[in-house]
Amino acid sequence: MVFDFLERYFDREPGSISFPIDCSDLKPYHLMVYHQLTRLPFGKTMTYQDLAVILKTSPRAIGQILKLNPFPIVFPCHRIVSKSGLGGFSAGREWKVGLLRHEGCL
DNA sequence: GTTATAGGGAATT
DNA sequence: AATTCCCTATAAC
């Protein structure tokens, strides 16, 4: 379940999501974004704009959607950074920094 | 309708 | 390197 996933994550032994997630009340836009997130492996990052280009939208809209992420860490929105610097984070930038350092991205 | 954003870019200082 | 201004798409109101 979720805790196994998180335990593996914090032990740096990444794995795919092995438990069901209820996406029934997510809109199509959100699914697109979160789906892209699941394709981003541990230790890699992308910019808001990269996602925006892929999904034919604007970087700002990506931010809007990421901040609504219902499952942070399992949908790794912390791996999306600003082009010049670190972006924002719903749980506070401290968390984002911590997570990225844990993944060796800083 | 309008406003606020987890952004980007160009122009200016 | 920092400020200012304008662009954008989406959510919330």
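We name chains A, B, ... by the order of the sequence lines, and we start the count at 1 in each one.
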In whole angstroms, the gap separating C1' of C/dA9 from CE of A/M32 amounts to 16 Å
Whole-Å distance, A/L51 CG to B/dA6 P, equals 16 Å
Exercise for the section: Using a heavy-atom cut-off of under 4.0 Å over every strand shown, decide if A/K83 touches base, sugar-phosphate, or nothing. Expected result: sugar-phosphate
Re C/dT8: Watson-Crick or G-U wobble partner, both distances kept under 3.5 Å, found to be none
Ranking B/dT5, C/dA9, B/dG9 by distance to the side chain of A/Q49, first place goes to B/dG9
Of the listed C/dA9, B/dG8, C/dA11, the closest approach to the A/P59 side chain comes from B/dG8
(message) Tell me whether the side-chain N or O atoms of A/Y48 pair up with the base of B/dA6 as donor and acceptor below 3.5 Å, since no angle test is needed here.
(response) yes
Taking B/dA6, B/dT5, B/dG8 as options, the one with an atom nearest any side-chain atom of A/Q64 is B/dT5
note: A/N69, atom CG; C/dT10, atom P; distance rounded to Å ~ 17 Å
Report task. Look at the side chain of A/S90 and the base of B/dA6, then say whether one donor and one acceptor between them are separated by less than 3.5 Å. Result -> yes
In whole angstroms, the gap separating C1' of C/dA9 from CG of A/L66 amounts to 13 Å
- Quick one: is A/S82 getting a side-chain N or O under 4.0 Å of the B/dG8 phosphate, OP1 or OP2? yes
*Across the strands shown, which category fits A/H30 at heavy-atom distances under 4.0 angstrom: base, sugar-phosphate, nothing?*
sugar-phosphate
Between A/L26 and the options A/L68, A/L31, A/I65, the side-chain contact (heavy atoms from CB on, under 4.5 Å) test singles out A/L31
Report, as yes or no, whether the 6.0 Å neighbourhood of atom CE on A/M32 holds more than 12 heavy atoms from other residues, nucleotides or ligands. no
Taking C/dA9, B/dA6, C/dA11 as options, the one with an atom nearest any side-chain atom of A/T57 is C/dA9
In whole angstroms, the gap separating C1' of B/dA4 from NZ of A/K67 amounts to 7 Å
Exercise. Are the side chains of A/I17 and A/F75 in touch, meaning some heavy atoms are under 4.5 Å apart?
Worked result: yes
By the Watson-Crick or G-U definition, both distances under 3.5 Å, B/dA6 is matched with none
Atom OH of A/Y34 and atom P of C/dT10 are separated, to the nearest Å, by 13 Å
A/Y29 has its side chain closest, among C/dT8, C/dA12, C/dT10, to C/dT10
Looking only at B/dG9, C/dA12, C/dT10, the nucleotide nearest the A/L68 side chain is C/dA12
A/R93 CZ to B/dT5 C1', in whole Å, measures 12 Å
Separation of C/dA11 atom C1' from A/L26 atom CG, nearest Å, is 14 Å
Problem set entry | Other residues, nucleotides, ligands: >12 heavy atoms within 6.0 Å of A/Y29 OH | no
Taking atom CZ of A/F19 as the centre, does the number of heavy atoms from other residues, nucleotides or ligands within less than 6.0 Å exceed 12? yes
Output for pair (A/L37 CG, A/Y34 OH), nearest 0.5 Å, gives 8.0 Å
Judged by nearest nucleotide, the residue sitting upstream toward the 5' end of DNA chain B, A/A61 or A/V81, is A/A61
